[in-house]
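In what follows, a single structure is set out as structure tokens and then discussed.
Treat the numbers as computed from the prediction; the structure is a model and nothing was measured. Side-chain atoms are counted along with the backbone in the values below, which use heavy atoms only and exclude waters and symmetry mates.
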Amino acid sequence: PSAAPAPGTAFAWPGGDAVMRTGRPLMLTAEERQGREVPPAVERVLGPGVWLGVPIVDDRRAAIGVLQVASPAGRTFRREERDIVGT
């Protein structure tokens with residue numbers, strides 16, 4: 001069995017908390033995640049890839065959750081991809 005969170009499983013860490021607090025998307029490379037208290041199980045899933053957190057908002061535009069997406073190592077999200085995820 002894997003030590004990583006199961007797909008669709010909720011987990012909390014400071015990157016996701018920052019998205020909830022600000023209501024703004026956040027993109028972090030592996031280097032930028034250093035020192036952000038990423039749980040080891042999450043870091044194993046992300047590896048050297050890029051993490052993108054986008055707020056899920058209600059009809060009042062208040063953040064009620066975070067959609068978290070990862071890309072493979074060596075590839076970042078282009079602006080239009082971030083916009084699509086944010087939609």
Side-chain angles (χ1 to χ4, degrees):
S2 171
T9 301
F11 59 89
W13 69 285
D17 294 344
V19 174
M20 286 293 291
R21 189 174 52 260
T22 65
R24 300 182 62 196
L26 177 62
M27 186 170 62
L28 299 170
T29 65
E31 294 81 25
E32 293 168 331
R33 290 193 309 270
Q34 303 256 329
R36 288 190 178 248
E37 302 174 29
V38 179
V42 173
E43 197 57 48
R44 279 192 294 277
V45 171
L46 296 175
V50 173
W51 175 85
L52 173 63
V54 178
I56 299 170
V57 297
D58 65 11
D59 57 350
R60 297 180 318 259
R61 305 291 302 158
I64 58 172
V66 178
L67 174 64
Q68 302 181 72
V69 184
S71 74
R75 186 179 183 297
T76 189
F77 292 98
R78 295 186 319 265
R79 180 170 184 80
E80 51 274 2
E81 292 171 321
R82 292 190 310 261
D83 291 345
I84 289 169
V85 172
T87 299

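Note on residues 52-65: pairs passing side-chain hydrogen bond (donor to acceptor under 3.5 Å, both in side chains), not counting sequence neighbours, are Asp58-Arg60. Pairs passing the salt bridge (charged side-chain N to carboxylate O under 4.0 Å, His left out) check and including a residue from residues 76-87, sequence neighbours excluded, read Arg75-Glu81, Arg78-Glu80, Arg78-Glu81.
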* Decide yes or no on side chain to side chain contact (heavy atoms under 4.5 Å, CB included) for Trp51 and Val38, but give the supporting numbers first. => CA-CA 11 Å; Trp51 175 85; Val38 179; over 6 Å; no
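Hydrophobic clustering (side-chain heavy atoms under 4.5 Å, transitive across Ile, Leu, Val, Met, Phe, Trp, Tyr) groups Leu52 together with Val50.
In terms of heavy atoms, Gly47 sits closest to Ala30 at O-CB, 4.0 Å. Residues Ala70 and Phe77 come closest through the heavy atom pair C-CZ, 3.8 Å. Minimum interatomic distance between Val85 and Val54 (heavy atoms only, all atoms of both residues): CG1-CG2, 3.5 Å.
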Taking distance alone, no hydrogens or angles, what donor-acceptor pairs closer than 3.5 Å link side-chain atoms of residues 16-29 to residues at least two apart or in another chain?
residue : atom : partner : partner atom : Å
Thr22   : OG1  : Ala18   : O            : 2.9
Thr22   : OG1  : Arg24   : N            : 3.1
Thr29   : OG1  : Glu31   : N            : 3.4
Thr29   : OG1  : Glu31   : OE1          : 3.3
Thr29   : OG1  : Glu32   : N            : 3.2
Thr29   : OG1  : Glu32   : OE1          : 3.4

